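Working notes, beginning with the structure itself.
Throughout, protein chains are lettered first and strands after them, A, B, ... in sequence-line order, and every chain is numbered starting at 1. The figures that follow rest on heavy atoms only: side chains count, while hydrogens, waters and symmetry mates do not. Keep in mind the model is a prediction, meaning the values are calculated, not measured.
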Amino acid sequence: MTEVTDSNPTDFIRDIIDNDLRINKNNGRVATRFPPEPNGYIHIGHAKSVCLNFGIAAQYKGTCNLRLDDTDPAGESMEYVESIIRDIHWLGFDWQDRLYYASDYFEKLYQFAVELIKSCNAYVCSLSPDEIREYRGTFTEPGKDSPYRNRSVEENLDLFQRMRSGEFADGDHVLRAKIDMSSPNIVMRDPVIYRIKREPHYRTGTKWIIYPMYDFAHCLSDALEGITHSICTLEFENNRPLYDWIVERLITGNRPQQIEFARLNLSYTVLSKRRLIELVEKRYVKGWDDPRMPTVSGMRRRGYTPEAIRNFCAQIGVAKNDNLIDVALLEYCVREDLNEHAPRAMCVLRPLRVVIDNYPENQVEQIECSSHPQKPEMGTRKIPFSRVIYIERDDFMENPPKKYHRLGPGREVRLRNAYVIKFESMIKDDKTGEVMELHCSLDPATLNGPPVDGRKVPGVIHWVSAEHCIPAEVRLYDRLFNIENPGSEENFLKYLNPISLEILTKCYAEHNLKNVEPGRQFQFERLGYFCVDAKDSKEGKPVFNRVVSLRDSWAKITGGEKK
RNA sequence: UGGGGCGUCGUCAAGCGGUAAGACACAGGAUUUUGGUUCCUGCAUUCGGAGGUUCGAAUCCUCCCGCCCCAGCCA
């Protein structure tokens with residue numbers, strides 16, 4: 001885990017906290033929590049919330065708890081809990097000993113429910129699910145009171161106890177808060193707060209047959225933990241009156257305050273858990289950590305850094321406007337971080353063989369080059385140069401367009417960190433006409449400086465020595481969807497990008513990349529930032545994931561076709 | 001349709017009655033052995049619209065328009 005030292009942003013939530021502190025609310029205490037349900041992996045949208053909650057705690061010298069909101073056994077599992085813990089730690093945040101589970105509060109929550117029954121604020125309702133819906137009314141018509149609304153406290157207590165002990169089938173009864181069936185806010189029309197569900201819970205097993213609903217469990221969990229500011233997303237705004245209603249009746253002293261902000265939407269991807277689960281389960285991606293996924297584990301495997309993600313979250317801000325953040329901002333944030341920290345290397349993705357005719361057959365020269373052009377402190381490495389090298393296929397064009405700076409008939413280019421070479425001839429495949437090999441000559445005086453006669457060589461291309469390079473697999477990723485806002489489409493799968501992954505198996509990398517640490521990032525010069533895949537790399541045969549390409553102003557000029 | 005929320009540059013987002021920050025994107029230019037980095041420069045006379053209050057309004061008032069959320073025994 002890295003220590004978070006990012007500077008503090010400002011937003012409307014921090015304004016509220018500043019004001020609370022000014023009036024000494026909660027005795028100047030600030031306590032937040034991040035409350036995921038362990039039914040999926042967390043994604044970049046959760047990261048926004050993680051940065052907000054943990055960031056506020058750090059800024060105000062308060063605390064932020066991690067609480068697993070596991071009140072619905074369906075779909076929840078320890079695998080998800082473990083992934084959430086791993087991902088938040090990786091992002092750079094820590095909750096010390098404050099790891100909590102809503103399921104640890106089940107007994108307390110049950111007692112709270114009993115209390116609510118005793119104060120005539122809750123009742124057992126025996127309507128069927130369909131009937132409950134009918135009785136609820138609509139946006140324009142008020143609901144009707146349940147015929148069970150006025151059961152006696154004794155009967156309610158008895159029934160609720162028997163719900164717990166397993167006397168009834170799922171759906172036979174529920175516990176409801178007794179509020180107002182004619183409330184214009186549908187959430188307040190006697191909401192269900194406990195249901196019978198015969199489903200084993202990943203932590204409590206078969207101990208419980210009834211489970212509290214979110215609205216009941218969440219606010220009380222906050223209160224039990226002494227949370228001061230309960231930050232959640234906008235869709236819970238309608239639930240805030242219920243949050244307050246419950247807390248007012250059951251909690252004395254300091255009560256937590258719910259504050260809502262707009263969830264993150266990112267262009268060209270989806271962030272709803274339902275849709276991400278669908279991508280995983282229907283195998284459109286290779287798992288939750290597929291490098292194309294916007295999950296934290298997917299981004300980690302892709303090669304994103306925690307710093308980049310945190311900085312992104314700081315850049316996008318916190319407000320209440322619906323938003324669709326341009327994925328270009330995320331890419332900017334990784335480039336910014338990796339440009340600073342990733343050592344440079346050379347790798348040829350689509351090799352073209354080049355023979356330097358005037359270079360001696362058995363000569364090998366070790367060229368020392370820096371690992372970072374602006375940071376000498378990052379050191380140097382040696383790269384062998386020899387008679388036969390590989391260059392990138394599209395760094396040669398037989399009929400180059402105007403302004404093309406690379407190799408072509410009659411042209412010269414600089415080999416990065418090495419000599420200037422000049423095109424002499426090419427060998428083509430008789431049948432296909434494809435260029436198979438180039439023959440060039442080098443200018444021996446150009447290793448450490450420009451040509452002595454003062455001629456300009458505008459192009460620089462990367463290369464590897466054929467004899468010394470190592471084979472590598474490189475995976476190029478593109479956006480998962482080909483429309484800006486797939487999340488707004490019901491049939492979002494229709495817009496999956498068919499070429500979101502391109503696997504190149506015949507790449508050649510400089511020999512220094514032979515045994516690299518999984519998870520390490522490099523800049524492959526002129527191409528982009530690449531990360532050693534932590535799962536599929538083999539000893540001496542690394543697999544590289546492209547994190548993000550370099551900005552490419554040449555591609556912009558030529559129409560931006562993908563490399 | 002009842003309720004709740006939101007409308008400031010292409011995308012985010014400051015602004016809290018004193019005359020529109022910043023970031024990304026975009027467009028130019030300089031430097032460059034990465035068509036990278038870095039560095040300059042440009043980019044809302046106007047804040048969803050219309051009225052009103054005021055010496056002065058994105059900020060206050062009124063009406064209108066648009067978008068999002070809520071009718072799970074999900075969270």
Find the distance [X]:[atom1] to [N]:[atom2] and express it as a whole number of Å.
X	N	atom1	atom2	answer
A/Phe312	B/rA13	CZ	P	11 Å
A/Ile44	B/rC12	CD1	P	16 Å
A/Leu264	B/rA13	CG	C1'	14 Å
A/Asp337	B/rC24	CG	C1'	17 Å
A/Gln258	B/rG5	CD	P	13 Å
A/Asn311	B/rG22	CG	C1'	13 Å
A/Glu331	B/rC12	CD	C1'	16 Å

With a 3.5 Å cut-off and no angle check, do the side chains of A/Asn53 and A/Ser49 form a donor-acceptor pair?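 A pair is found: one side chain offers a donor N or O, the other an acceptor, under 3.5 Å apart.
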
Is a side-chain donor-acceptor pair under 3.5 Å present for A/Glu76 with A/Asn39? no

Nearest-angstrom distance, [atom1] atom, [N] to [M]:
N	M	atom1	answer
B/rA50	B/rC55	P	23 Å
B/rC24	B/rA14	C1'	15 Å
B/rU53	B/rA57	C1'	10 Å
B/rG17	B/rU1	C1'	38 Å
B/rC40	B/rU45	P	25 Å
B/rC60	B/rG42	P	32 Å
B/rC74	B/rC6	C1'	25 Å
B/rU54	B/rU11	C1'	35 Å

With [X] via side-chain hydrogen bond (donor to acceptor under 3.5 Å, both in side chains) - residues at least two apart:
X	answer
A/Tyr419	A/Glu365
A/Thr233	A/Glu235
A/Arg411	none

Using the test side-chain contact (heavy atoms from CB on, under 4.5 Å), find all partners of A/Thr10 that sit at least two apart in sequence or belong to another chain.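 With sequence neighbours excluded, A/Thr10 shows a side-chain contact (heavy atoms from CB on, under 4.5 Å) to A/Asp15, given in chain and number order.
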
What pairs meet the salt bridge (charged side-chain N to carboxylate O under 4.0 Å, His left out) rule with one or both residues in residues 159-186 of chain A, with sequence neighbours excluded?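 Checked against salt bridge (charged side-chain N to carboxylate O under 4.0 Å, His left out) - neighbours excluded - the pairs reaching residues 159-186 of chain A are A/Glu107-A/Arg164, A/Asp158-A/Arg162, A/Arg162-A/Glu167, A/Asp170-A/Arg198.
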
Of all pairs that satisfy salt bridge (charged side-chain N to carboxylate O under 4.0 Å, His left out), the ones with a partner from residues 440-453 of chain A, not counting sequence neighbours: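 Listed by first then second residue: A/Asp443-A/Arg455, A/Asp453-A/Arg455.
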
Determine if the base of B/rG5 is syn or anti; take syn to mean the glycosidic torsion is within 90° of 0. anti

Under a 3.5 Å cut-off for both contacts, is [N] paired Watson-Crick or G-U wobble with anything, and if yes, with which nucleotide?
N	result
B/rA13	none
B/rG2	B/rC70
B/rA27	B/rU41
B/rC47	none
B/rA20	none

Contact class for A/Val327 (heavy atom, under 4.0 Å): base, sugar-phosphate, or nothing? nothing

Residues two or more places apart in sequence or in another chain: which of them pass ring-ring contact (aromatic ring centres under 6.0 Å, His included) with A/Phe106? A/His201, A/Trp208, A/Tyr211

Set out, line by line, the N/O atom pairs under 3.5 Å between protein and nucleotides 66-68 of chain B.
| unit_1 | atom_1 | unit_2 | atom_2 | d |
| --- | --- | --- | --- | --- |
| B/rC68 | O4' | A/Asp322 | OD2 | 3.2 |
| B/rC68 | O2' | A/Asp322 | OD2 | 3.4 |

Ionic contact status for [Y] with [X], cut-off 4.0 Å:
X	Y	value
A/Asp190	A/Arg136	no
A/Lys273	A/Glu37	no
A/Arg203	A/Asp104	yes

Name all pairs fulfilling the ring pair (Phe, Tyr, Trp, His ring centres under 6.0 Å) condition that reach into residues 166-188 of chain A, sequence neighbours left out, sorted by first residue then second. A/Phe168-A/His173

In the 5'-to-3' direction, what one-character label does each nucleotide of nucleotides 28-40 of chain B receive under the scheme B = base within less than 4.0 Å of a protein heavy atom, S = sugar-phosphate only, - = no such atom? -----BBBBB---

Sugar-phosphate atoms are those with a prime plus P, OP1 and OP2; base atoms are the rest. Using that split, label each nucleotide of nucleotides 70-75 of chain B B, S or - for protein heavy atoms under 4.0 Å, 5' to 3'. BBSBSB

Could you go through nucleotides 7-11 of chain B and list every protein N or O atom that sits under 3.5 Å from one of its N or O atoms, giving the distance for each pair?
| unit_1 | atom_1 | unit_2 | atom_2 | d |
| --- | --- | --- | --- | --- |
| B/rG7 | OP1 | A/Asn321 | OD1 | 3.4 |
| B/rG7 | O5' | A/Asn321 | OD1 | 3.1 |
| B/rU11 | O3' | A/Leu324 | O | 3.2 |
| B/rU11 | O2' | A/Leu324 | O | 2.8 |

With no hydrogens and no angle check, is any side-chain donor or acceptor of A/Asn185 less than 3.5 Å from a backbone partner on A/Asn238?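 Confirmed, A/Asn185 side chain pairs with A/Asn238 backbone.
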
Pairwise distance CD1(A/Ile193) to CG(A/Leu175) - rounded to 0.5 angstrom: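 Interatomic distance, A/Ile193 CD1 to A/Leu175 CG, rounded to 0.5 Å: 4.0 Å.
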
